[in-house]
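For reference, the structure discussed in these notes is given below.
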Amino acid sequence: MSTLFISDIHLCAQNSATTASFLHFLRNRALDAQALYILGDLFETWIGDDDPNPLHHEISVALQILGQRCIPCYFIHGNRDFLLGKRYAITCGMTLLSAPQVMQLDGLSVVILHGDTLCTDDSEYQNFRRLVHQRWRQRLFLSLPLPLRLRIANRMRAKSLHVNAIKTYDIMDVNTQAVMTLMAHTGAKVMIHGHTHLPAIHRLPGARCRVVLGAWHRHGSVIEVTATSVKLCEFSVKTTDYS
Ligand code: OKV
Ligand code: MN
């Protein structure tokens, strides 16, 4: 039996190939798991649980199957779907977790998080994060009519595209000191996160390691933890486009 970790699926109506491969993953591979942990950015955008987007419904129905098979599913917010709330989580049968979360897997201590908080060199992003994580700002945003929220979100995304185009990769990667500090504070042997879209297994001093999930763009990415190993797997996302 294995525990699965995924992140950065970035589901959106425009990318039906990714949606199809995620649904395939849920209906097949996930059913053999002991538990599924979604480490953020399941969705590309999230402007409130009251958004009637049919994709949200499709995904919640698929996630419910895990609950029916007694496979627990946990969710940690990403930088894109940070507004995903209890109401939607309940419809999916997911348990919302705060981050970082330290867990014991067959005696192995593992710390899990989305990973954006480790990117401390990107001060512009950290400022943005502080802003949109303010409770009053989130409440105000969620109180706005849906069409207005949609317009605001579209504007913020358009602006972010310009901002990120001029950032270098090492600014957007995790800060080594932030990683080591979190490892030291939690005492974990293994860190699992996503966000950077740089899948890898990094060995760290003291027989520790940091395992990074990839995004589900051209491939799917999953981390499988068993009693004896931590495996980072990439699998192909097969697509047929008809036009
Ligand atoms: C998610 C990111 C857009 C990065 C807005 C308060 C405020 C929430 C929001 C609006 C945007 C999420 C919810 C989105 C992530 C972007 C652009 C950059 C770097 C407010 C609370 F400020 F307007 F009051 N938002 N959306 N970005 O479109 O999903 O992560 S989003
Ligand atoms: Mn992210």
Side-chain angles (χ1 to χ4, degrees), residues 5-15 18 22 37-53 55-56 59 75-89 96-101 112-169 171-175 178-179 191-200 210-217 220-221 223:
F5 299 84
I6 56 172
S7 71
D8 305 282
I9 303 104
H10 295 279
L11 294 170
C12 62
Q14 289 73 34
N15 201 343
T18 306
F22 181 61
Y37 287 82
I38 303 173
L39 305 186
D41 288 0
L42 172 60
F43 292 97
E44 175 64 15
T45 63
W46 198 269
I47 58 168
D49 291 6
D50 56 340
D51 183 351
N53 189 332
L55 173 67
H56 301 175
I59 297 301
F75 181 85
I76 283 178
H77 291 110
N79 60 296
R80 311 219 62 100
D81 51 15
F82 63 90
L83 271 192
L84 191 151
K86 260 192 206 132
R87 177 175 142 189
Y88 185 70
L96 293 179
L97 298 177
S98 60
Q101 194 72 221
I112 56 174
L113 68 163
H114 177 59
D116 58 325
T117 52
L118 299 171
C119 300
T120 53
D121 295 337
D122 191 347
S123 52
E124 194 170 16
Y125 168 69
Q126 296 301 334
N127 288 338
F128 169 85
R129 188 181 192 280
R130 262 191 296 279
L131 213 102
V132 293
H133 275 256
Q134 279 171 339
R135 242 246 279 249
W136 70 268
R137 228 181 266 271
Q138 294 194 353
R139 288 227 190 108
L140 180 65
F141 181 77
L142 288 171
S143 74
L144 299 173
L146 206 60
L148 181 53
R149 273 181 269 162
L150 207 56
R151 262 171 40 213
I152 293 171
N154 285 343
R155 222 185 308 136
M156 288 170 73
R157 283 207 309 283
K159 190 176 169 221
S160 156
L161 277 182
H162 288 291
V163 168
N164 283 330
I166 53 169
K167 282 183 192 166
T168 57
Y169 279 102
I171 276 186
M172 294 202 282
D173 200 358
V174 298
N175 175 285
V179 169
M191 176 183 288
I192 296 178
H193 70 82
H195 180 66
T196 59
H197 302 185
L198 301 168
R210 176 170 69 92
V211 191
V212 188
L213 285 155
W216 288 42
H217 286 149
S221 186
I223 291 171

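This chain uses plain numbering: 1 for the first residue, then up along the sequence. Atoms within a ligand are numbered from 1 in the order they appear, just like the ligands themselves.
In terms of polar-atom proximity, Asn79 is counted as a contact of ligand 1, with an N or O under 3.5 Å from an N or O of the ligand. Ligand 1 has no nitrogen or oxygen under 3.5 angstrom from a nitrogen or oxygen of Arg137.
Nearest protein neighbour of atom 4 (C) of ligand 1, counting heavy atoms only, is Phe128 CE2, 3.5 Å. Distance from atom 14 (C) of ligand 1 to its nearest protein heavy atom, with residue and atom name: Arg80 NH2, 3.9 Å. Shortest contact from atom 5 (C) of ligand 1 to any protein heavy atom: Phe141 CD1, 3.6 Å.
Atom CG of Leu96 and atom NZ of Lys86 lie 8.0 Å apart (nearest 0.5 Å). From Ile76, atom CD1 reaches atom NE2 of His114 across 10.5 Å, with rounding to the nearest 0.5 Å. Annotation: the span from Ser221 atom OG to His197 atom NE2 amounts to 10.0 Å, rounded to 0.5 Å.
Side-chain atoms of His193 and Arg210 include a donor-acceptor pair closer than 3.5 Å.
Shown in contact with Leu83 at under 4.0 Å from a heavy atom are these atoms of ligand 1, numbered in order with element: 8 (C), 13 (C). Which parts of ligand 1 touch Ser160 is read off a 4.0 Å heavy-atom cut-off, strictly below it: atoms 17 (C), 18 (C). Shown in contact with Ala153 at under 4.0 Å from a heavy atom are these atoms of ligand 1, numbered in order with element: 11 (C), 28 (O). Using a 4.0 Å cut-off to heavy atoms of Trp46, the atoms of ligand 1 that qualify are 12 (C), 13 (C), 29 (O). Taking every non-hydrogen atom of Tyr125 and a distance limit under 4.0 Å, the qualifying atoms of ligand 1 come out as 19 (C), 30 (O).
Residue contact annotation: Thr196 places no N/O/S atom under 2.8 Å from the Mn ion (ligand 2). With 2.8 Å as the limit, Asp41 counts as an N, O or S neighbour of the Mn ion (ligand 2).
Ring geometry, His77 versus Phe75: the interplanar angle exceeds 60°, so the pair is classed perpendicular (tilted spans 30 to 60°). Taking the six-membered ring where tryptophan is involved, the planes of Trp46 and Tyr88 are tilted, since the angle between them lies from 30° to 60°.
For His195, the N, O or S atom closest to the Mn ion (ligand 2) goes by the atom name ND1.
The main-chain N or O of Ser123 is found under 3.5 Å from a side-chain atom of Asn127 such that the two form a donor-acceptor pair.
Under 4.0 Å is where a charged nitrogen must lie from a carboxylate oxygen, and between Asp50 and Arg149 at least one such pair does.
Heavy atoms from both the backbone and the side chain of Thr45 come within less than 4.0 Å of ligand 1.
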